[in-house]
Amino acid sequence: MSSYDLVVIGTGPGGYVCAIRAAQLGLKTAVVEKRAFGGTCLNIGCIPSKALLHASELFEEAGHGFEALGIKVGKPKLDLAAMMKFKDEGVDGNVKGVEYLLKKNKIDAHIGSGRIVAPGKVEVTGDAGTTTLETKAIVIATGSDVAPLKGVAIDETRIVSSTGALSLPKVPKKLLIVGAGVIGLELGSVWRRLGAEVEVVEFLDRIVPGIDLDVARQFQRILQKQGFAFRLSTKVTGIDTSGSRLKATVEPAAGGEAAIIECDVALIAIGRVPYTDGLGLDAVGVARDDRGRVITDAHFATNVPGIYAIGDVIAGPMLAHKAEDEGVAVAEILAGKAGHVNYDVIPGVVYTMPELASVGKTEEELKAAGIAYNVGKFPFTANGRAKVNRQTDGFVKILADAKTDRVLGVHILGPDAGNMIAEAAVAMEFGASSEDIARTCHAHPTLTEAVKEAALAVEKRAIHM
Ligand code: FAD
Ligand code: NAI
């Protein structure tokens with residue numbers, strides 16, 4: 001029987017980062033993985049979706065945007081198999097990178113399904129049979145799985161989750177997407193750019209719930225301009241698979257007359273649920289909430305001594321970087337240090353074109369909390385670099401406390417917003433005011449000048465507007 005200071009179950013961004021940090025701090029560490037190193041993010045999430053977003057964006061630009069820049073390439077032809085190979089090679093390279101890092105940090109990797117048989121004991125069942133690992137601490141980092149839609153069976157061929165939508169063998173003529181969240185809009189963008197007609201059915205009366213409403217509305221207008229069709233306040237009640245085309249029955253969310261939408265592929269993207277199958281949590285008494293999430297305290301400890309949990313399997317945004325930061329924090333806590341995650345400053349990015357990136361509070365949240373705030377907004381149409389690049393959709397919006405001027409939220413809809421939001425996150429982590437950002441010299445000509453101008457706009461003194 002092998003004996004460890006720490007066994008981490010799951011090697012997604014939460015688990016593998018936790019294991020590396022623990023090993024760096026001198027803990028004898030093992031990981032258990034039943035699928036592939038890197039978890040959802042590397043294998044069927046962040047990395048393959050970003051590879052396809054990148055390739056499809058270039059495909060679309062080659063078709064519509066290059067000529068205006070004086071680049072004649074003719075009508076681009078799609079080689080979908082080659083694009084999928086490009087995506088798979090990107091995934092493979094990243095997965096191998098995780099394997100290398102685990103080895104480099106002398107972390108034992110046990111391949112198989114992990115089950116907690118008692119505090120301090122993890123049983124691993126794989127091709128090599130069953131072994132039991134003894135450990136002082138266990139970190140559950142088993143992630144999440146696709147949320148099912150009642151009455152609709154995902155076959156990953158015609159009715160797909162994000163996993164199937166990342167590997168379609170041909171471009172569907174019509175793609176129906178259930179759920180106008182992050183997955184629906186990112187993967188909808190991929191297939192629209194490659195030639196599919198895309199219609200999105202969303203239960204709520206708005207897209208991307210949780211995002212600042214003003215930003216979400218503008219985002220919807222831009223996506224519609226690109227060719228997305230939206231049916232809001234609508235639900236899918238069933239999908240008939242008997243014919244050569246799928247027939248989805250939709251109804252107003254509040255009830256009413258049903259209608260049929262015909263499509264070739266339907267993507268179900270209505271959220272994700274924590275994944276704890278086969279972990280043995282009930283037998284050892286690890287408490288979960290009503291949504292199946294493992295309940296933890298501020299130090300990631302569950303109610304059972306020696307068992308901790310991080311990432312998608314616990315509460316909070318289901319994001320890779322949130323899982324990573326929790327992995328580092330719990331490793332530091334286990335090594336006797338003061339690990340901590342600041343949940344007020346976790347950026348979120350939707351990698352469409354334009355990108356949508358946010359950190360901190362939305363206007364709706366500030367209103368609900370009764371906090372008085374000032375708004376500074378600056379459009380990319382007034383930013384020199386965006387103009388010359390012909391990427392002027394969107395704006396930067398900064399919300400600052402009316403009394404102290406402290407930055408409470410930053411929302412960027414625009415080209416490269418995902419990179420630009422890092423400036424806002426650093427500023428907020430240091431408790432910056434909008435004036436601090438406004439007085440920081442930003443290089444010219446860059447898109448980041450729009451952030452500075454939005455900060456100036458909080459005091460109504462933007463220069464280029
Ligand atoms: P996971 O990455 O889910 O990893 C859990 C691991 O545990 C898996 O490898 C699983 O096989 C393993 N496991 C589970 N049970 C056991 C067991 N009993 N024994 C052994 N191993 C087990 N987030 C972003 O921040 N940016 C993005 O761009 C982004 N894009 C995404 C795109 C898609 C299509 C999807 C689906 C998700 C995306 N996400 C993105 C979300 C991101 O993937 C998750 O937030 C992140 O992977 C969570 O990390 P985790 O370590 O908690 O779990
Ligand atoms: P989501 O929570 O972002 O969006 C789901 C959408 O489906 C919501 O708008 C919701 O109102 C809607 N919905 C729910 N039930 C419905 C129903 N019955 N009919 C119609 N609409 C319905 O979930 P999504 O897009 O599946 O993504 C899952 C998770 O993966 C997210 O939490 C996200 O954080 C993560 N992710 C992150 C990415 C990123 O950071 N760029 C990319 C992709 C996923």
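As the structure lists them, so they are numbered: ligands from 1, and atoms in each ligand from 1. The first residue of the sequence shown is numbered 1, and numbering continues consecutively from there.
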> Who's closest to atom 16 (C) of ligand 2 heavy-atom-wise, of Ile183, Ile211, Ile270, Val146?
Replying inline: Ile270
> Any idea which atoms of ligand 1 are less than 4.0 Å away from a heavy-atom of Ser113?
Replying inline: 18 (N), 19 (N)
> Under 3.5 Å between some N or O of ligand 1 and some N or O of Asp277?
Replying inline: no
>> Please state which option from Gly143, Gly38, Gly114 has its nearest heavy atom closest to atom 19 (N) of ligand 1.
In response: Gly114
>> Is any side-chain heavy atom of Cys18 closer than 4.5 Å to one of Ile310?
In response: yes
>> Among all the protein's non-hydrogen atoms, which is closest to atom 51 (O) of ligand 1, and how far away is it?
In response: Gly14 N, 2.9 Å
> In terms of residue, atom name and distance, what is the protein heavy atom nearest to atom 9 (O) of ligand 1?
Replying inline: Glu33 OE1, 2.7 Å
> What protein heavy atom sits nearest atom 40 (C) of ligand 1, and how far away is it?
Replying inline: Cys46 SG, 3.3 Å
> Under 4.5 Å between any side-chain heavy atoms of Val236 and Phe203, yes or no?
Replying inline: no
> Quick check: does Asp312 get an N/O under 3.5 Å from an N/O on ligand 1?
Replying inline: yes
>> Give me each pair satisfying side-chain hydrogen bond (donor to acceptor under 3.5 Å, both in side chains) with a member in residues 221-230, each pair once, sequence neighbours excluded.
In response: Gln218-Arg221, Gln220-Gln224, Lys225-Asp393
> Do the non-hydrogen side-chain atoms of Asp5 and Thr135 ever get within less than 4.5 Å of each other?
Replying inline: no
>> Using a 4.0 Å cut-off to any heavy atom of Tyr351, which atoms of ligand 2 qualify?
In response: 41 (N)
> Nearest protein heavy atom to atom 8 (C) of ligand 2, by residue and atom, and its distance?
Replying inline: Glu202 OE1, 3.5 Å
> For ligand 2, which atoms sit closer than 4.0 Å to a heavy atom of Val178?
Replying inline: 19 (N), 20 (C)
> Quick one: does Ile310 get an N or O within less than 3.5 Å of an N or O on ligand 1?
Replying inline: no
> Is the shortest N/O to N/O distance between Thr40 and ligand 1 below 3.5 Å?
Replying inline: yes
> Below 4.5 Å, heavy atoms only, C-beta onward: do Ile261 and Val201 meet side chain to side chain?
Replying inline: yes
> Can Lys173 and Asp264 be said to form a salt bridge (charged side-chain N to carboxylate O under 4.0 Å, His left out), step by step?
Replying inline: CA-CA 6 Å; Lys173 195 161 174 308; Asp264 304 288; over 6 Å; no
>> Measuring only between side-chain heavy atoms, which start at C-beta, is Lys247 closer than 4.5 Å to Ile239?
In response: no
>> If you define the side chain from C-beta out and look only at heavy atoms, does anything of Ile159 sit under 4.5 Å from Val152?
In response: yes
>> Among all the protein's non-hydrogen atoms, which is closest to atom 25 (O) of ligand 1, and how far away is it?
In response: Ala320 N, 2.8 Å
> Who's the nearest protein heavy-atom neighbour of atom 5 (C) of ligand 2, and how far?
Replying inline: Ala269 O, 3.5 Å
> What are the atoms of ligand 2, with element, lying closer than 4.0 Å to any heavy atom of Leu204?
Replying inline: 11 (O)
>> For atom 22 (C) of ligand 1, what is the closest protein heavy atom, and at what distance to 0.1 Å?
In response: Lys34 CG, 3.7 Å
>> I'd like to know whether ligand 2 has Pro209 as a neighbour, heavy-atom separation below 4.0 Å.
In response: yes
> Any side-chain heavy-atom pair from Leu42 and Phe37 closer than 4.5 angstrom?
Replying inline: no
>> Determine whether Thr362 and Asp212 satisfy the following criterion, side-chain hydrogen bond (donor to acceptor under 3.5 Å, both in side chains), listing intermediate values before the conclusion.
In response: CA-CA 5 Å; Thr362 62; Asp212 188 278; 4.9 Å; no
> Short N/O distance, under 3.5 Å, between Val182 and ligand 2?
Replying inline: yes
> Going by distance only, is there an N or O of Phe203 that falls short of 3.5 Å from an N or O of ligand 2?
Replying inline: yes
> Should you measure from each heavy atom of Met318, which atoms of ligand 2 turn up under 4.0 Å away?
Replying inline: 32 (O), 33 (C), 34 (O), 35 (C)
> Between Arg206, Arg272, Glu186, Arg231, which one has a non-hydrogen atom sitting closest to atom 28 (C) of ligand 2?
Replying inline: Arg272
> Tell me, which protein residue and heavy-atom name are nearest atom 7 (O) of ligand 2, and how many Å apart are they?
Replying inline: Gly179 CA, 3.3 Å
> What about Gly271: any of its N or O atoms under 3.5 Å from an N or O on ligand 2?
Replying inline: yes
> When you measure from atom 49 (O) of ligand 1 to each heavy atom in Gly311, Gly12, Pro13, which option holds the nearest one?
Replying inline: Pro13
>> Tell me whether Glu186 has any N or O atom under 3.5 angstrom from an N or O of ligand 1.
In response: no
> Is there at least one protein heavy-atom neighbour under 4.0 Å from atom 31 (C) of ligand 2?
Replying inline: no
> Nearest heavy atom to atom 5 (C) of ligand 1: which of Cys41, Gly10, Ala141 does it belong to?
Replying inline: Ala141
>> Under 4.0 Å between a side-chain nitrogen and a carboxylate oxygen: does that hold for Glu202 and Arg231?
In response: no
> Counting both backbone and side chain atoms, is some N or O of Thr234 under 3.5 Å from an N or O of ligand 2?
Replying inline: no
> Side-chain contact, heavy-atom cut-off 4.5 Å: Val208 with Val215?
Replying inline: no
> Which residue owns the protein heavy atom closest to atom 33 (C) of ligand 1, what's the atom, and how far is it?
Replying inline: Gly45 CA, 3.3 Å
> Has ligand 1 got any nitrogen or oxygen that is less than 3.5 angstrom from a nitrogen or oxygen of Leu319?
Replying inline: yes
> Does the salt bridge (charged side-chain N to carboxylate O under 4.0 Å, His left out) test come out yes or no for Arg192 and Glu197, once each step is laid out?
Replying inline: CA-CA 6 Å; Arg192 185 200 56 72; Glu197 179 193 345; over 6 Å; no
>> Could you tell me, atom by atom, which parts of ligand 2 come under 4.0 Å of a heavy atom of Val349?
In response: 39 (C), 40 (O), 41 (N)
>> If you count every heavy atom of other residues, nucleotides or ligands that lies below 6.0 Å from Arg245 atom CZ, does the total exceed 12?
In response: yes
> Quick one: does Ala165 get a heavy atom under 4.0 Å from ligand 1?
Replying inline: no
>> Measuring from non-hydrogen atoms of Val236 to any atom of ligand 2, is the shortest distance under 4.0 Å?
In response: no
> Atoms of ligand 2 less than 4.0 Å from Leu149 heavy atoms?
Replying inline: 18 (N)
Using residues 273-281 as the side-chain source, report each donor-acceptor pair under 3.5 Å to any protein atom, sequence neighbours left out, with the distance given to one decimal.
unit_1 : atom_1 : unit_2 : atom_2 : d
Tyr275 : OH     : Lys34  : NZ     : 2.6
Thr276 : OG1    : Arg288 : NH1    : 3.0

> In ligand 2, which numbered atoms sit nearer than 4.0 Å to a non-hydrogen atom of Gly181?
Replying inline: 3 (O), 4 (O), 6 (C), 9 (O), 25 (O)
